Number of protein chains: 2
Amino acid sequence: MPSGGGLPARRKTAPTISDVAALAGVSTATVSKSLNGRTGISPATRAKVVAAAEQLGFRSSAIAQSLLSGRSYTVGLITNDSFGRFSIPVMLGAEDALQAGQIAVLLCDGRDDPIREQHYVRTLAARRVDGIVVTGRRADPRPPVTLDFPIPVVYAMCESTDPRDASILPDDEQGGRLAVEHLLATGRRSVGHVTGPSDFRAVRLRTAGATGALARAGLELAGGAPLHGPWSEEWGRQAATILLRAQDDLDAVFCGSDQIARGVAEGLQAAGRKIPGDVALVGFDNWTVMTDACRPPLTTVDMNLPLVGKRAAETLLAAIDGRASSGTELVPCRLVVRESTRV
Amino acid sequence: MPSGGGLPARRKTAPTISDVAALAGVSTATVSKSLNGRTGISPATRAKVVAAAEQLGFRSSAIAQSLLSGRSYTVGLITNDSFGRFSIPVMLGAEDALQAGQIAVLLCDGRDDPIREQHYVRTLAARRVDGIVVTGRRADPRPPVTLDFPIPVVYAMCESTDPRDASILPDDEQGGRLAVEHLLATGRRSVGHVTGPSDFRAVRLRTAGATGALARAGLELAGGAPLHGPWSEEWGRQAATILLRAQDDLDAVFCGSDQIARGVAEGLQAAGRKIPGDVALVGFDNWTVMTDACRPPLTTVDMNLPLVGKRAAETLLAAIDGRASSGTELVPCRLVVRESTRV
DNA sequence: TAGTCGTACGAAAACGATTTCGCTTGCTTT
DNA sequence: AAAGCAAGCGAAATCGTTTTCGTACGACTA
């Protein structure tokens, strides 16, 4: 017995299937079949092989497997929202669904730079990824990533201008409807709407959902039109003043973001209105940092971002599996009720 | 000429080096040498090969290269801060530095679950990653990831209990010192300190930096001791009241987070103090959502998180390259001056 | 005892790229 | 004109795994 035979020698390279075969006294084919549960191996041999693999700490090389199978069991995830508040939950949802499908995720921070994105696409191509997920928060549909090889691409939280591409988006219109229907159900009748810049498609959709719900109740927006401004608390404070001046009987406000809603809350309270006693308030995003810091805690619309990521992953997995789909899928939003709309 | 000869036929699999060789009428060895800039190839042959590769859209398979070189040019990135505010900038900093070194990043969301983390480590082992970065926001040093194979690991924004491991952390103590030195330099003398739970090591370090700087000026904390509470604005509001009651001549507050600082600002203003006229205020994190929403905008300490990620990546690259290091490296913080401390 | 059949295992090819080493050319030199 | 030499290119091995196909051996049957 060699000295120090108790522990296997520290190797610089990982043990290979040949090492296992040599230790077990069988061929590499037998090792492969034993460890992968193939038939035609006697229980005794299988046990011997398993013991040898265990002893060496053998793990089959995914690289060699990929070379043989032609699949890398890897997808690229290109993100374009470096601020991260929206795309991170999407990314994590996608990562979770993909790793459940035994697929690893290569992270690429595109930074909204087409050159950089193109560079990543080339890298991903060289790595023979099975597919690509593109995430990002954008005002409008984006041009598709250009690839000169046929692998599936799914867009999450952003939409491709090519209708043949698959895109997954939150259902902003349904979210706006949810918010207003909740306000109407709790007895409100004069609903204002303070939101972000009108060149965001999501803003227009949420407004459409809100006004649609009002119209079905025979109502229209307090003040007649939505108030557009920047995505800031400061804008919310200003807008509260504007709204109250335009519509004295205001009893509810639906806001395009939780940040704006918090500003509106402060503005309303500074004008002496009680929330939810005088005016009910609904935000958008379910950004808990804002909803919980708001006094009172804010009722809001949650876009189910992890679910958006999950659906994107599932769509991609299906496409990799040959069941490609196209067009835009909308993931429903969900209302989270807190103090700001209590009756 | 075959019909449709203008465009190459749509292939299901990517072109291989053999395809290029066949089209160029040379061997695969010549193709490899031509495309990789090796010597011993005539300009004419090289041009022919390049043209053929171009025509087919050939990209060398990273998988085959990995199998041969024994390196995957990939690292695993295990994150444990699903909240994301802290580890995302670190991740992106690391990703940027790694991709500049031609290394791809496999994303793994550990979710603070050791089982899940162990699962990822096994996956990464099978994929033969060149190294692993572990990020996470933790109160205290964490047990190292256990791997039965020798690849380098670097901890970013968290510290391993094994002193032989390399960890990269922001220099919280220096950050605390920076904040207080700035307050002293602008003429403040009665400095309070409102911060998070004392079981966070970062909290204790920031406090130590702050009290050290005060001590060198012959001063101590207003109220005698730091005020510990949850990481919330609500706590900041309460703490402002407590501080004012304990120390009427209070003229500055250093806060353990921007969120707390915003609460303190509201509390102070509710008590009639002007910022920065009566009391100067410094936060921590440079979380612009908070610093910009605060009135007035908040002076704060920035932990240079992308730099932490970058240093982690560089440390890992060095270790992969055989130049391993160990121990904890502190990345200095940076003061960002805004209205809340204007003189 | 000879023939047949089924089971258990091994040899070898395959995946796609790189590299070493040797062979063929064509040119220069004496 | 023969020999030497360098440049240019190709054959083949290699990386680690899976799979196909062939082979050997044991047992059972006639």
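All heavy atoms count here, side chains included; hydrogens, waters and symmetry mates do not. Computed from a predicted structure; not experimentally measured.
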Under 4.0 angstrom between [X] side-chain N/O and [N] OP1 or OP2:
X: Thr30(A); N: dG10(C); value: yes
X: Ser60(A); N: dT18(D); value: yes
X: Arg128(A); N: dA17(C); value: yes
X: Gln65(B); N: dG16(C); value: no
X: Ser27(A); N: dG10(C); value: yes

Checklist entry - How many Å lie between CD1 on Ile63(B) and C1' on dC15(C), as a whole number? => result 10 Å
Item to check | Asn36(B) CG to dA17(C) P, straight-line distance once rounded to whole Å | outcome: 11 Å
Next on the checklist: Tell me whether the side-chain N or O atoms of Lys33(A) pair up with the base of dG10(C) as donor and acceptor below 3.5 Å, since no angle test is needed here.
Outcome noted: yes
Checklist outcome for this item: Winner on side-chain proximity to Ser32(B), out of dT19(C), dT18(D), dG8(D), is dT19(C)
Item to check | Residue among Ile151(A), Asp130(A), Val145(A), Ile132(A) satisfying side-chain contact (heavy atoms from CB on, under 4.5 Å) with Leu124(A) | outcome: Ile132(A)
Checklist entry - Taking side chain as C-beta onward, heavy atoms only, is Val75(A) less than 4.5 Å from Leu98(A)? => result yes
Item to check | Any side-chain heavy-atom pair of Val153(B) and Leu147(B) under 4.5 Å | outcome: yes
Checklist entry - Nearest nucleotide by nearest heavy atom, which residue falls closer to the 5' end of DNA chain D, Ile41(B) or Leu67(A)? => result Ile41(B)
Next on the checklist: When the axes are fitted on five pairs at both termini, how much does the helix from dT1(C)-dA30(D) to dT30(C)-dA1(D) curve, in 10° steps?
Outcome noted: 70°
